[in-house]
J.: 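Structure in C-alpha cells, see below.
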Amino acid sequence: MNAESNATPPAANVAPSDFIRDIVAQDLAAGRHPEGIVTRFPPEPNGYLHIGHAKSICLNFGIALENGGRCHLRMDDTNPAKEDIEYVESITADVKWLISGWADSVLGLKPKGAKPAAEGGDFRIRPVPGAENTSSAAELEPFFASDYLEQLYAYAERLIEKGKAYVCDLSPKETDEYRGAPDKPGKNSPFRDRSVAENLDLFRRMRAGEFPDGARTLRAKIDMAAPNVWLRDPLLYRIRHIDHHHAGSGWCVYPLYDYAHCLSDYLEGVTHSVCTLEFEVHRPLYEWLLGALDLPRVLPRQYEFAKLHLAYTIVSKRKLLQLVNEKVVSGWDDPRMPTLAGIRRRGVPASALRRFVTGVGVTKFDSLTELAVYENAVREELNASAHRRFGVLRPLKIILVNLAPDEVVECSAGNLPSDPAAGSRTLALTREVYIESEDFAEVPPPKYFRLKPGGEVRLKYAGIIKCEEIVKDASGAIAEIRCTFDRDTRTGQPGADRKVKGTIHWVSASLAVEAEVRLYDRLFTVPEPGDAEDFLKVLNPNSLEILTAKLEPCLSGATPGQSFQFERLGYFTPDAKDSAAGRPVFNRTITLKDTWAK
RNA sequence: UGCCCGAUGGUGUAAUGGUAGCACAGCAGAUUCUGACUCUGCUUGUUAAGGUUCGAGUCCUUAUCGGGCAGCCA
C-alpha cells in the first residue's frame, strides 16, 4: 500500500451529515444553545450493549465531538426490578472501549455520588468536563436517572399542585380497560377529579410506603380521548417496594420512562435527546411534561432515527439471553455474539465498528444493512494496520529434499509490506515445512495456481519449490510431499524474478508453534433470523470450527488486543479469555476476501 | 381499519426547487512474491398517478406498499 492509499479513507475523513446533525447546526446558528450542545447515551442497565447501540453511541458522541459539546453516559435505571450493577459495569466499559481514541474528550461523567443541586429555583447536574476526566483525582461515574429520584419527586408534586397530575386507584387491569384502544377513545378515571390537596396527601403517603405495590399510581391529566394513546393520562409513578441497585433502599415509588426521561434530560442540560423511531409517538408526551412544569431553562428536544438492522444477526435481548442460557454460545462475549463485548473479543477494532456505523448513515428509514458492509469496514481497518504473519491452519508436510537436515535458510519478511517503517521479521526455511493442505491438489481443478504433481509454486519470501513425489500412507492418504527447492530463485537473488503463478505461505515444521485457532462464521443461516418462526432453528451448525494450527514462532508472544493478518487466511487476534502467556489461542476475526473460491 | 412515520440502483445512503452522486455488492480487465490490497472500466435507481413551477427525487393531493404505537418495561 503506498503512502496515498495509506491515508485515512474518505469515508472516515468526511464529516458525516444527516437530518439530526442538520437540526443541531441550525439550532447552533440560531443561538439556541449558548452553553453548547449536550447529547446523551442512555441505556437501561438490564443487558449488554450490542452493535445497534454502537450506532446510537457514535451518533450521540459524534454530534458532541463535532460541535465542541458533550455527551453524557446515563443509566436509565428507573426499573430496579430488571436492572443490575453487572450491566452498569459492562455498559460503562463497552462505551469507553468504543469511543476510545476518538471521543473520549467529550464523554460526560460526574463525580461519584453527585446529585442535582438547587440552581436558580430549579435543579441541575453538571458533568466533569471531558478533558479533566483522566487527570481529575476525584472518582467519576456515569449519570444515573436514579440519582434524580428526589428532584423528580419534587417536580411531581409541582405537577399535582398545578392540577396536571392525579393519584389514581384503578387496578392495572382497570387502567388498561379505561385506556381504550388505538381506534377507540378511553374514558376518564373516576379518580381524575380529586382535589389538589387529596392528590398531594395520597402521593406523599405513596412515597411513605403506606400502600402496597400496584395499589395506586400517579398519572398525568391530559386527554383520555387523545388519538395518541400515550396522551391518555399516562402513568408517571408506580409503587414498587424494592431496593434499587444504585439508589439504595430509600424508595418505594419509582417514576416511569416517559416521566423520568424528559426530566433527566432537562436536569443534565441535554439539548438534543436522540432516540430510536419507536419513541416517536412518545414525543408529544415528552413535550407535554416539560411544558406543564414551566421550567426556566431551555428545554431539550427529542429526535428519532431508525435503529440498525444488520443481516444475519439478532439483537433482541431476550433472544441473545436465550443463546447464552441454552449454551448455543459460550457467553455474552462469545466472539459470534453481536454484543460489543463479543465483537471486541472477536478482534474487531473499535475504529472499524465506528467506521461501519458511521457509514450506514442516520435516517428515518427502517433498513436492513448487508453483512458485507460490516465486513468491508472491518477489513479496511485491519488491512491498514495488522502486521502480516504466516500460519498454517491445516498442515501438509513438505520435505525439501535438497536441503540438509540441519540447514536453515533465513528469509526476511515485512511486517507490513505497504509500510517499510513497520519493520520485518526473519522466517527460517528448513528441510521440513508445512503448507496449507488446500495449497496442494493431486488432481488440480482448472486454473489452479498452487502446488500440483510436477508443478511449481513459490514459498513466499523463500523461493520456488517443485513437487517431485507424493508419499502416501497405508490408507492411501497423502502423508507428505517431496519437493526440490530452487536455490537460484531465493528472494533477493537475481533468479527470484522467475515467474510462477502461485505464491503460498508456509512455516518451518521444526520451528513452528502449535496453537488453538477458532474460526467463526455467522450464527444464522438466514438474513433475518429475527423474523424466523423459531430463530433457534436457523442456527448455522458450522459457526465455530476449532483447529490446531502451526504458526510462525514469533506468534507465541502475541497478546490480546493485537491483530495479525495470517497471509491468505484472514485476520486473527489472541483470545482475551483463553490465551495464556506465551500460549495464545487465536480467534479469526474475519477472512480475507476470496474471489477464487467463488 | 384510529394516530404517527417512512419510500432514491441488489443493499445502504447523498442531492435542502436547478447536471441523480458516493459506498458496499456484482461483472470485466490491469497489477501482484497474499487468487488479498491497489488501479481501470461497466451494469443497475427517484413506488404510482395527478397538480404547482421555466424547472420536481425534493413542494401539494391521492393511491400503493412498509414500519411504529394500546406495560404499573425502557
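Chain letters run A, B, ... following the sequence lines, proteins first, then strands; residues in each count from 1.
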J.: For A/L368 and B/A7, give me the distance from atom CG to atom P, rounded to whole Å.
T.: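 Interatomic distance, CG of A/L368 to P of B/A7: 17 Å.
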
J.: Across all strands shown, which nucleotide pairs with B/U31 by Watson-Crick or G-U wobble geometry, both distances under 3.5 Å?
T.: none

J.: In whole angstroms, how far is the P atom of B/A36 from the CD atom of A/E380?
T.: 15 Å

J.: Between A/A372 and A/K184, just flag the one whose closest nucleotide in RNA chain B comes earlier from the 5' side.
T.: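 Checking each residue's closest nucleotide, the 5'-ward one belongs to A/K184.
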
J.: Looking at A/R240, I'd like to know whether one of its side-chain N or O atoms comes within less than 4.0 Å of OP1 or OP2 on B/C73.
T.: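 True: A/R240 side-chain N/O within range (under 4.0 Å) of B/C73 OP1/OP2.
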
J.: With respect to the phosphate group of B/A36, does any side-chain polar atom (N or O) of A/T595 fall under 4.0 Å of OP1 or OP2?
T.: yes

J.: What is the distance, to the nearest angstrom, from the CZ atom on A/R40 to the P atom on B/A74?
T.: 15 Å

J.: A/T78 side chain: which of B/A74, B/A36, B/U13 is closest?
T.: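 When the side chain of A/T78 is considered, B/A74 is the closest of B/A74, B/A36, B/U13.
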
J.: Under a 3.5 Å limit for both distances, which nucleotide forms a Watson-Crick or G-U wobble pair with B/G26, could you say?
T.: B/C42

J.: So, A/R40 and A/S273: side-chain donor and acceptor under 3.5 Å apart, yes or no?
T.: yes

J.: Using whole Å, what does the distance between atom P of nucleotide B/C33 and atom CD1 of A/I465 come to?
T.: 17 Å

J.: What about A/R450, does its side chain sit under 3.5 Å from the base of B/G35 through a donor-acceptor pair?
T.: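 Between B/G35 and A/R450, which were checked side chain against base, a qualifying N/O pair under 3.5 Å is present.
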
J.: Taking syn as a glycosidic torsion within 90° of 0 and anything else as anti, which one is B/G71?
T.: syn

J.: Should B/C59 form a Watson-Crick or G-U wobble pair with both distances under 3.5 Å, which nucleotide is its partner?
T.: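 Looking at the geometry, B/C59 pairs with B/G51.
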
J.: Nearest to the side chain of A/W596, heavy atoms from C-beta on, is which of B/G35, B/A7, B/C24?
T.: B/G35

J.: Using atom C1' of each nucleotide, how far apart are B/C4 and B/A70 to the nearest Å?
T.: 14 Å

J.: For B/G66, give its Watson-Crick or G-U wobble partner with both distances under 3.5 Å, or none.
T.: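 Here B/G66 is engaged in a pair, and the nucleotide opposite it is B/C5.
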
J.: Side-chain N or O of A/K593 less than 4.0 angstrom from OP1 or OP2 on B/C37?
T.: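 So the side-chain polar atoms of A/K593 do come within 4.0 Å of the phosphate oxygens OP1 or OP2 of B/C37, strictly under.
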
J.: Quickly work out the A/E375 CD to B/C37 P distance and round it to whole Å.
T.: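 For the pair A/E375 CD and B/C37 P, the rounded distance is 13 Å.
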
J.: Give me, pair by pair, the N or O atoms of the protein and of nucleotides 68-70 of chain B that are less than 3.5 Å apart, along with how far apart they are.
T.:
residue : atom : partner : partner atom : Å
B/C69   : O2'  : A/W230  : NE1          : 2.7
B/A70   : O2'  : A/R179  : NE           : 3.2

J.: Only distances under 3.5 Å count here; give the side-chain donor-acceptor pairs of residues 360-374 of chain A to other protein atoms, sequence neighbours excluded, each with its distance to 0.1 Å.
T.:
residue : atom : partner : partner atom : Å
A/T363  : OG1  : A/F365  : N            : 3.1
A/K364  : NZ   : A/E280  : OE2          : 2.9
A/D366  : OD1  : A/H309  : NE2          : 3.1

J.: Would you indicate which nucleotide in B/C24, B/C33, B/C72 comes nearest to any side-chain atom of A/T175?
T.: B/C72

